[in-house]
Protein chains: 2
Amino acid sequence: MTNLNPDFCEVNESLDILVGKWKPIILLNLLAESPMRFSELKKAIPKITQKMLTKQLRELESQEIIIRKVYAQVPPRVEYSITKYGKTLQPILDAMHEWGLKHKERTNSKITI
Amino acid sequence: MTNLNPDFCEVNESLDILVGKWKPIILLNLLAESPMRFSELKKAIPKITQKMLTKQLRELESQEIIIRKVYAQVPPRVEYSITKYGKTLQPILDAMHEWGLKHKERTNSKITI
DNA sequence: CCGCATCCTATCCGATACTG
DNA sequence: CAGTATCGGATAGGATGCGG
């Protein structure tokens, strides 16, 4: 393994998509239930601001992980869905979730010693 | 799935450890070969600055993903190894690597159309 | 050989206010 | 309802130079 740099490390390809304070939570929501309206996502993730929700959704959309569908209505209705491609991230999310749980156990048992 | 916020999303536990421009590459190196000297890592990852290498190593050390061993010599000799705990990240790294490869194929085939 | 200190820049992210 | 626009603080990361 010689002359590595981040531009040629495939791990970073998936990392780029997942990184963002709210990306994992948004993806977990849309993997569990698609489509979801903007307001439903906002309600499911109360602490996110509208600005950040919009921004992270736009980024995921531009990477074709999710799809944004606008209905020409008043008031507006916008629905977000995970794409088939986005679903391929599931194994990664699962592995990370499982590791996270173990990590928490470990951390807790340390504190209580 | 209600009232989620990043502080209670287990995915972020593992993400926190992996995020950092050079963390994945450092981990892949140490997973492939442990221990490695500071200078060996620097040589394997030419574009990283000493400051960043030191910083990322310190962070991984504080999370007990790697171990830092100093030999009382002149000149100094410092070796870094992956811990048993750090090895539990391997499935995540593997999943991300595999996804990254597929992602690159996909991206390339798009460009060449 | 290994690392620290300093300075600098870019981007992330939050708070708040406004709009078709 | 589903966004923009603007401001400002915090953090990540790079360049460079010094030190035991």
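A note on names: the letters A, B, ... follow the listed sequences, proteins ahead of strands, and every chain is numbered from 1.
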Whole angstroms only, please: what is the [atom1]-[atom2] distance between [X] and [N]?
| X | N | atom1 | atom2 | value |
| --- | --- | --- | --- | --- |
| A/K69 | D/dA2 | NZ | P | 15 Å |
| B/R77 | C/dC2 | CZ | C1' | 13 Å |
| A/I26 | C/dC13 | CD1 | P | 11 Å |
| A/K43 | D/dA2 | NZ | C1' | 15 Å |
| B/E61 | C/dC2 | CD | P | 15 Å |
| B/R58 | C/dC2 | CZ | P | 12 Å |
| B/L57 | C/dC1 | CG | C1' | 14 Å |
| A/L18 | C/dC12 | CG | P | 16 Å |

If you fit an axis to the five pairs at each end of the helix from C/dC1-D/dG20 to C/dG20-D/dC1, how big is the angle between those two axes, to 10 degrees? 40°
Over all strands shown, is B/Y71 touching base, sugar-phosphate only, or nothing at heavy-atom distances under 4.0 angstrom? nothing
Okay, side chain of A/K42, backbone of A/I48: is any donor-acceptor separation there less than 3.5 Å? yes
Would you say B/K23's side chain and B/V19's backbone share a donor-acceptor pair under 3.5 angstrom? yes
How close do [X] and [Y] get, heavy atom to heavy atom, and via which atoms?
| X | Y | answer |
| --- | --- | --- |
| A/A44 | A/M36 | CB-CE, 4.4 Å |
| A/W99 | B/S14 | CE3-CB, 3.6 Å |
| A/I66 | A/T83 | C-CG2, 3.7 Å |

Take nucleotides 10-20 of chain D nucleotide by nucleotide from the 5' end and write B, S or -, depending on whether a protein heavy atom sits under 4.0 Å from the base, only from the sugar-phosphate, or from neither. ---SBB----B
Give the intermediate values and the outcome of side chain to side chain contact (heavy atoms under 4.5 Å, CB included) for residues B/K55 and B/W22. CA-CA 10 Å; B/K55 189 180 172 231; B/W22 307 92; over 6 Å; no
Before accepting this row, confirm whether a basic side-chain N of the pair A/R106/B/E13 lies closer than 4.0 Å to the acidic partner's carboxylate O. no
Parallel, tilted or perpendicular: ring planes of B/H103 versus A/Y85, cut at 30 and 60 degrees: parallel
How about B/K102: does its NZ atom have over 12 heavy atoms from other parts shown lying under 6.0 Å from it? no
According to a strict under-4.0 Å criterion, is [X] in side-chain N/O contact with OP1 or OP2 of [N]?
| X | N | answer |
| --- | --- | --- |
| A/Y80 | D/dG3 | yes |
| B/R37 | C/dC2 | yes |
| B/R68 | C/dC2 | no |

Given C/dC2, C/dG3, D/dC1, which nucleotide is nearest the side-chain atoms of B/S39? C/dC2
